[in-house]
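Chain A is the first sequence line, chain B the second, and so forth, proteins listed ahead of strands; every chain is numbered from 1.
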Amino acid sequence: MMAQQQLPKEGRIRKHADYALCYEQGRRHHTGNFILFVFPRPGSGKTRVGMAVSRKVGNAVTRNRLKRLLREFYRLHQALLPYDSDIVTVAKKHAGQSQLDLAQVSAELEPLLRRQQRRQREQQEAPTCRP
RNA sequence: GGAGUCGGACGGGCCACCGCCGCGAAGCGAUUCGGGGAGGAAAGUCCGGGCUCCACAGGGCAGGACGCUGGGUAAUCCCCAGGAAGGGUGACCUUCGGACAGCGCCACAGAAAGCAAACCGCCCUCCCUUGCGGAGGGUAAGGGUGAAACGGUAGGGUAAGAGCCUACCAGAUGCCGCGGUGACGCGGCAUGCUCGGCAUACCCCGUCUGGAGCAAGACCAAAUAGGGAAGGAGGCCGGCCCGGCCAAUCCUUCCGGGUAGGUUGCUUGAGGGUGCGGGCAACCGCACUCCUAGAGGAAUGGUGGCCUCAUGCGACCACGCAUGACAGAACCCGGCUUACAGGCCGGCUCCCGUU
């Protein structure tokens, strides 16, 4: 396991335009507390993550806490992320009400990422379809 | 010891590993090393400033804000000291221009809510005197209503009464004296003057008052579209050249505006600490000393261990397991307000107990 565990600025989405692209053209995945938008960018050589937690979720403290938990989760699970993609995680309204911790976030998002990874591998092994 | 009141400081600690954002040093560079990284309210954005841009001859009106007095301050609606009124046994707390400038309002109840009046009464006169009856007049002591009803007590007076008269008390107004920078206080004299409340309903008086905000502002500056200038190709005049005109197309070069994006503003400041001096105090002066976050889709985190303090549970001195307040810098200061698990320190008051 030589999992890279750093997540500097370059690994995060920081432009409004990038977020907008991801929302409009990304593929959506729902979980209990989050919505994931995954937008492949072939050839970019990088996977970037971003998170959006709106005012409705809670006050500044709970919003900050959610974003930090998500960042920590992505930092520790970078090996699972689909490569050459932008991933935006949006917190649902009730996400701030239950006091989530890192273990719960992992339990919620990890199976989804593993499924994604398997699908991406299968597509690579049989790249002879799509009209 | 209990209850209360006012004020101050705190807001778990230590360590390890994995990260994040600035800064400094070394290196061509990958990187390495060192050091820093949320709060008392960072919050609400309610006041006041600094700073920046825009506007601006001067004056007034309108609008807005504020409102006892004196001081503090860069400034304030803040702070300090004082005054008056009200509340509390007390420490202490709360409030603050004007109601004879005008114009209004005062629910319900009550006869009557503002300047005059009279429901039940009381008294006098008259009328059929058959009575608890009717008519006219005088009264405001008593009753009843209300948050509020035109001074209180006693005596005189009277048909019954009333500051109608007298004494004392309380107040109002005017004048004078003394104390105080002043708000105001104390005292004296005169007048029977005894004629509410609400200005957060409008209003009056006095004082102050341009507007917008760091997404302010400054600089650099793609792609695309469009603008301007010059030249060439082009079109027209012409047989051709020179020359002139045309711009609706194309090419080249240049210019300015400007979006995305980037840089800056950006943290050393009306700053903190200590000492001395002035002042009742707020605060001010001087000397020495310290440097304490600067992000930008937005860092300040995650995991684990040990200890600590509360609270709850397991029959709770020992042990174990949970839970731990309000809340996150966004240009910077000074205040106000609101939220807050816990415990800590100090001044003062009342009550109880002991010696």
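For the pair A:M51 CE and B:A299 C1', the computed distance is 12 Å after rounding to whole Å. Look at CG on A:N64: it is 18 Å from P on B:A42, rounded to the nearest Å. In this structure, the CZ atom of A:R63 is 12 Å from the P atom of B:A299, given to the nearest Å. Taking atom CG on A:D18 and atom P on B:G261, their separation rounds to 11 Å, with Å as the unit. Residue A:L69 contributes atom CG, which lies 21 Å from atom P of B:C18 at whole-angstrom precision. In this entry the distance linking CG of A:N59 with C1' of B:A42 reads 13 Å, nearest Å. Summarising the geometry, the separation between CG on A:D101 and P on B:U303 is reported as 7 Å, rounded to the nearest angstrom. Rounded to a whole Å, the CG atom of A:L76 is 11 Å from the C1' atom of B:G301.
Using Watson-Crick or G-U wobble geometry with both donor-acceptor distances under 3.5 Å, B:C331 finds its partner in B:G50. Remark: B:A260 base-pairs with no nucleotide; criterion is Watson-Crick or G-U wobble with both hydrogen-bond distances under 3.5 Å. B:G171 and B:C193 make up a base pair, with Watson-Crick or G-U wobble contacts both under 3.5 Å. B:U5: Watson-Crick or G-U partner is B:G347, with both key distances under 3.5 Å. Pairing for B:G104 is with B:C198, a Watson-Crick or G-U wobble pair whose two hydrogen-bonding atom distances lie under 3.5 Å. Pairing partner, B:U158: none, since no Watson-Crick or wobble contact has both distances short of 3.5 Å. In this structure, B:G275 and B:C286 make a Watson-Crick or G-U wobble pair, each of the two defining distances being under 3.5 angstrom. The partner of B:G179 is B:C184, judged by Watson-Crick or G-U wobble contacts that both fall below 3.5 Å.
Between the side chain of A:R68 and the base of B:C20 there is no donor-acceptor pair of N/O atoms closer than 3.5 Å.
With its glycosidic angle within 90° of 0, B:A38 adopts the syn conformation. By the rule that a glycosidic angle within 90° of 0 means syn, B:A315 counts as syn. For B:U194, the O4'-C1' to base torsion is more than 90° from 0; the nucleotide is therefore anti. Glycosidic conformation of B:U89 is anti; the angle lies outside 90° of 0. With its glycosidic angle more than 90° from 0, B:G59 is assigned anti.
Closest to the side chain of A:K15, from the set B:A329, B:G296, B:G262, is B:G262. Here the nucleotide nearest the side chain of A:L102, chosen from B:U303, B:A298, B:U300, is B:U303.
Comparing the same atom, C1', in B:C184 and in B:G70 gives a spacing of 12 Å after rounding to whole Å. Atom name C1', nucleotides B:A199 and B:U194: the rounded distance is 25 Å, in whole Å. Spacing between B:C307 and B:C340 at atom C1', rounded to whole Å, works out to 26 Å. Rounded to a whole angstrom, the distance from the C1' atom of B:G226 to that of B:A216 is 30 Å. With both ends at atom C1', the span from B:A84 to B:G185 equals 10 Å, rounded to whole Å. For the C1' atom pair drawn from B:G156 and B:G163, the interatomic distance equals 13 Å after rounding to whole Å. Across the C1' atoms, B:A74 and B:U94 are found 32 Å apart, a figure rounded to whole Å. With both ends at atom C1', the span from B:C119 to B:U145 equals 11 Å, rounded to whole Å.
More than 12 heavy-atom neighbours from other residues, nucleotides or ligands sit within 6.0 angstrom of NE2 on A:H30.
The main-chain N or O of A:T62 is found under 3.5 Å from a side-chain atom of A:N59 such that the two form a donor-acceptor pair. Remark: the backbone N or O of A:F39 is not paired with any side-chain donor or acceptor of A:Q25 at under 3.5 angstrom. The backbone N or O of A:R75 sits less than 3.5 Å from a side-chain atom of A:Q78, completing a donor-acceptor pair. In this structure, A:H29 contributes its side chain and A:L113 its backbone to no donor-acceptor pair below 3.5 Å. With hydrogens and angles disregarded, a donor-acceptor distance shorter than 3.5 Å links the side chain of A:T47 to the backbone of A:P82.
Between A:R68 and A:E72, no side-chain nitrogen of the basic residue sits less than 4.0 Å from a carboxylate oxygen of the acidic one, so the salt-bridge criterion is not met.
Checking the phosphate oxygens (OP1, OP2) of B:G296, a side-chain nitrogen or oxygen of A:R14 falls inside 4.0 Å. Dashed line: the shortest gap from a side-chain N or O of A:R71 to OP1 or OP2 of B:U300 is under 4.0 Å. Note on A:R65: a side-chain N or O is less than 4.0 Å away from OP1 or OP2 of B:G302.
Taking 4.5 Å as the limit, every side-chain heavy atom of A:V49 sits out of range of all side-chain heavy atoms of A:T89.
Each of A:H16 and A:E72 was assigned the nucleotide of RNA chain B with the nearest heavy atom; the assignment lying further toward the 5' end belongs to A:H16.
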